Amino acid sequence: MQLIYRELDADVVRRTNAIFPAQDCFVEVLPDQLIIPRKYVELGESIRQLPIYEDDVWMVSYPRTGSTWAQEMVWLLGHQLDYETAKQQLSQRSPMIELSALFSTDHHQWVAESFGNTVELVRNLPRPRYARSHLSWQLLPQQFESVKPKIVYTARNPKDLCVSYYHYCKLLHGINGDFEQFVELFLGGHTPMGSYWKHVLPFWKRSNDDNVLFIKYEDMITDLPAVVRRCAQFLNVPKLLNETSMKRICDHLQFDNMRNNNAINLEKILPQRETKFIRNGKIGDWKNHMSDEMSAKFDAWSEQHLRGSGLTFDYN
């Protein structure tokens, strides 16, 4: 399958330019109509052609679904609970393959100095490689289909996700539009990374495959030990966990500890602001941001895309 790039529709350009400081900075990638910074055009084919190994472990997600949190869990379980090495930056231990494109218009110097070309960084990681991506299924390495590396996918109810994504874009990309403008882009599939449902449903359909672990953010909030056990089983390391080690990893992954963990929270590159990279950690924060009318619009949109899929989310 060949990737096709095209300019966004004029109306979408107008609306993205209204809130994103970098003007005309996105392109659309087909077939998934994924919206991504223009720099991706230089990286897309090298990502698709990346050699994949069966012992790779990939964390894949739409943004703001708890993937940083889950990646720390995955990395620790895959490295014999090595808390000392976990003091190193997670973005170095489990780099995001498309990061060079995502931060090509802001924080570019940090990415270039810290990682160089992130595709080459992932390519040359020592095996077993632990890597991340926010790309949709069609844009990930082609050998995912045949080699079947381990894939951990995180998903989240779209109302809380959208609120978190809005605050994330304000923090990292300096957007200046209001929440209502962002919601309209999100529901139309025009925020960076495109449609949430085109992202999540292909992984949900593969969630019974032996090499795929599908995790919901809400489950991590309500029963973290159960998710840790599922992940340990998936990575074939259930014997790592006893009462003592389970308590330690859950304490390490506790929300306030994650927010204060300098190996994870990006505070080295972010100015001191009230909003944090790891922000809230609650289910139902959307109620503080959405009117009844907006909530109903989300419900209808979700029902349209989820009908018959069997995928459900907790919203409270």
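On a predicted model such as this, the values are computed, not experimentally measured, just so you know.
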*When you look at W197 and W301, which way does the side-chain contact (heavy atoms from CB on, under 4.5 Å) test go after all the steps?*
CA-CA 10 Å; W197 301 122; W301 171 77; 3.3 Å; yes
*Between H252 and Y83, is a ring pair (Phe, Tyr, Trp, His ring centres under 6.0 Å) present by the stated rule, with each step listed?*
CA-CA 9 Å; H252 180 85; Y83 293 98; 5.3 Å; yes
*Apply the test side-chain contact (heavy atoms from CB on, under 4.5 Å) to residues Y315 and K159: give CA-CA distance (whole Å), side-chain angles for both, the deciding distance (0.1 Å), then the verdict.*
CA-CA 8 Å; Y315 289 86; K159 293 181 180 179; 3.7 Å; yes
*With side chain to side chain donor-acceptor pair (under 3.5 Å) as the test, would you mind laying out the steps for K287 and N316 before giving the verdict?*
CA-CA 9 Å; K287 298 174 186 177; N316 302 294; 2.6 Å; yes
_Candidate pair L161 and F313, rule side-chain contact (heavy atoms from CB on, under 4.5 Å), full reasoning_ = CA-CA 11 Å; L161 184 158; F313 290 99; over 6 Å; no
*asked:* Using ring pair (Phe, Tyr, Trp, His ring centres under 6.0 Å), reason through F186 and Y166 one step at a time and then give a plain yes or no.
replied: CA-CA 9 Å; F186 181 77; Y166 170 69; over 10 Å; no
*Could you walk me through whether W75 and T85 pass the side-chain contact (heavy atoms from CB on, under 4.5 Å) check?*
CA-CA 10 Å; W75 189 92; T85 304; 3.7 Å; yes
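Environment of CD in Q49: crowded, with over 12 heavy atoms of neighbouring residues, nucleotides or ligands closer than 6.0 Å. Annotation: K247, atom NZ; neighbour count of heavy atoms from other residues, nucleotides and ligands within 6.0 Å does not exceed 12. Within a 6.0 Å sphere centred on CG of N242, other residues, nucleotides and ligands contribute more than 12 heavy atoms. For CG of N208, the number of neighbouring non-hydrogen atoms (other residues, nucleotides, ligands) closer than 6.0 Å is 12 at most.
Of all heavy-atom pairs spanning V27 and L8, the tightest one is C-CD2, 4.0 Å. What you find for R206 and V212 is that their closest heavy atoms are O-CB, 3.4 Å. Closest of all the heavy-atom pairs between R6 and Q33 is NH2-NE2, 3.6 Å. Nearest heavy-atom pair across V60 and L135 is CG1-O, 3.7 Å. When every heavy atom of C231 is checked against every heavy atom of L213, the shortest pair comes out as CA-CD2, 3.8 Å. Nearest heavy-atom pair across S136 and L34 is OG-CD1, 3.7 Å.
Looking only at side-chain heavy atoms (C-beta outward), R230 and D223 stay at 4.5 Å or farther from each other. Annotation: side chain of V29 is in contact with side chain of Y40 (closest heavy-atom distance under 4.5 Å). A heavy-atom distance below 4.5 Å is found between the side chains of F144 and W58. Within the 4.5 Å cutoff, no side-chain heavy atoms of M59 are placed close to those of Y153. Inter-residue side-chain proximity for C25 and P37 is flagged as unmet; no heavy-atom pair is nearer than 4.5 Å. When side chains are defined from C-beta on, F255 does not count as touching L224, because their heavy atoms never get closer than 4.5 Å. With a 4.5 Å cut-off on side-chain heavy atoms, F182 and T191 count as touching. The shortest distance between side-chain heavy atoms of V228 and M246 falls below 4.5 Å.
Note that CG of L201 is 14.0 Å distant from CH2 of W137, once rounded to the nearest 0.5 Å. Distance CD/E98 to CD1/I47: 6.0 Å, rounded to 0.5 Å. Rounded to the nearest 0.5 angstrom, Q138 CD and L30 CG are separated by 11.0 Å. Considering CG of D24 and CZ of R14, their distance stands at 13.0 Å, rounded to 0.5 Å. The distance from atom CG of L187 to atom SG of C162, rounded to the nearest 0.5 Å, is 6.5 Å. Expressed to the nearest 0.5 Å, how far CD of Q233 lies from CG of L241 amounts to 10.0 Å.
Distance alone, capped at 3.5 Å, places no donor-acceptor pair between the T154 side chain and the I215 backbone. In terms of modelled atom types and a separation under 3.5 Å, the side chain of E180 and the main chain of G177 share no donor-acceptor contact. Judged by distance alone, with hydrogens and angles left aside, the side-chain atoms of E303 form no donor-acceptor pair with the main-chain N or O of A300 at under 3.5 Å. No donor-acceptor pair under 3.5 Å is formed between the side chain of T65 and the backbone N or O of S61. Panel note: side chain S46, backbone L43; a donor-acceptor pair is recorded below 3.5 Å. Side-chain atoms of R93 come within 3.5 Å of backbone N or O of Q88 as a donor-acceptor pair. A donor-acceptor distance shorter than 3.5 angstrom exists from the side chain of N211 to the backbone of P149, with no hydrogens or angles considered. In this structure a side-chain-to-backbone donor-acceptor pair under 3.5 Å is missing from K216 to N157. Using a distance-only test at 3.5 Å, with no hydrogens or angles considered, no donor-acceptor pair links the side chain of D160 to the main chain of I283. Under a 3.5 Å cut-off, the side chain of N257 and the backbone N or O of D251 do form a donor-acceptor pair.
In this pair, H167 and H289 present their aromatic rings perpendicular. The plane angle is above 60°, beyond the 30 to 60° band.
Salt-bridge annotation for R38 and E7: present, with a side-chain N of the basic residue lying under 4.0 Å from a carboxylate O of the acidic one. Salt bridge status for R259 with D256: present, with a side-chain N to carboxylate O gap under 4.0 Å. Electrostatic pairing of R15 and D11 counts as a salt bridge here, judged by a charged N lying under 4.0 Å from a carboxylate O. A salt bridge links R123 and E120; the closest N-O separation between the charged side-chain nitrogens and carboxylate oxygens is under 4.0 Å. A salt bridge links K297 and E184; the closest N-O separation between the charged side-chain nitrogens and carboxylate oxygens is under 4.0 Å.
Taking the six-membered ring for Trp and the full ring otherwise, Y196 and H305 have centroids separated by 6.0 Å or more. Side-chain rings of Y217 and W69 approach one another, their centers coming within less than 6.0 Å.
In summary, of the residues considered (K150, K148, R129, Q143), a side chain to side chain contact (heavy atoms under 4.5 Å, CB included) with D56 occurs for R129 alone.
Cation-pi geometry between R127 and Y53 is met: the NZ or CZ atom falls under 6.0 Å from the ring centre, inside 45° of the normal.
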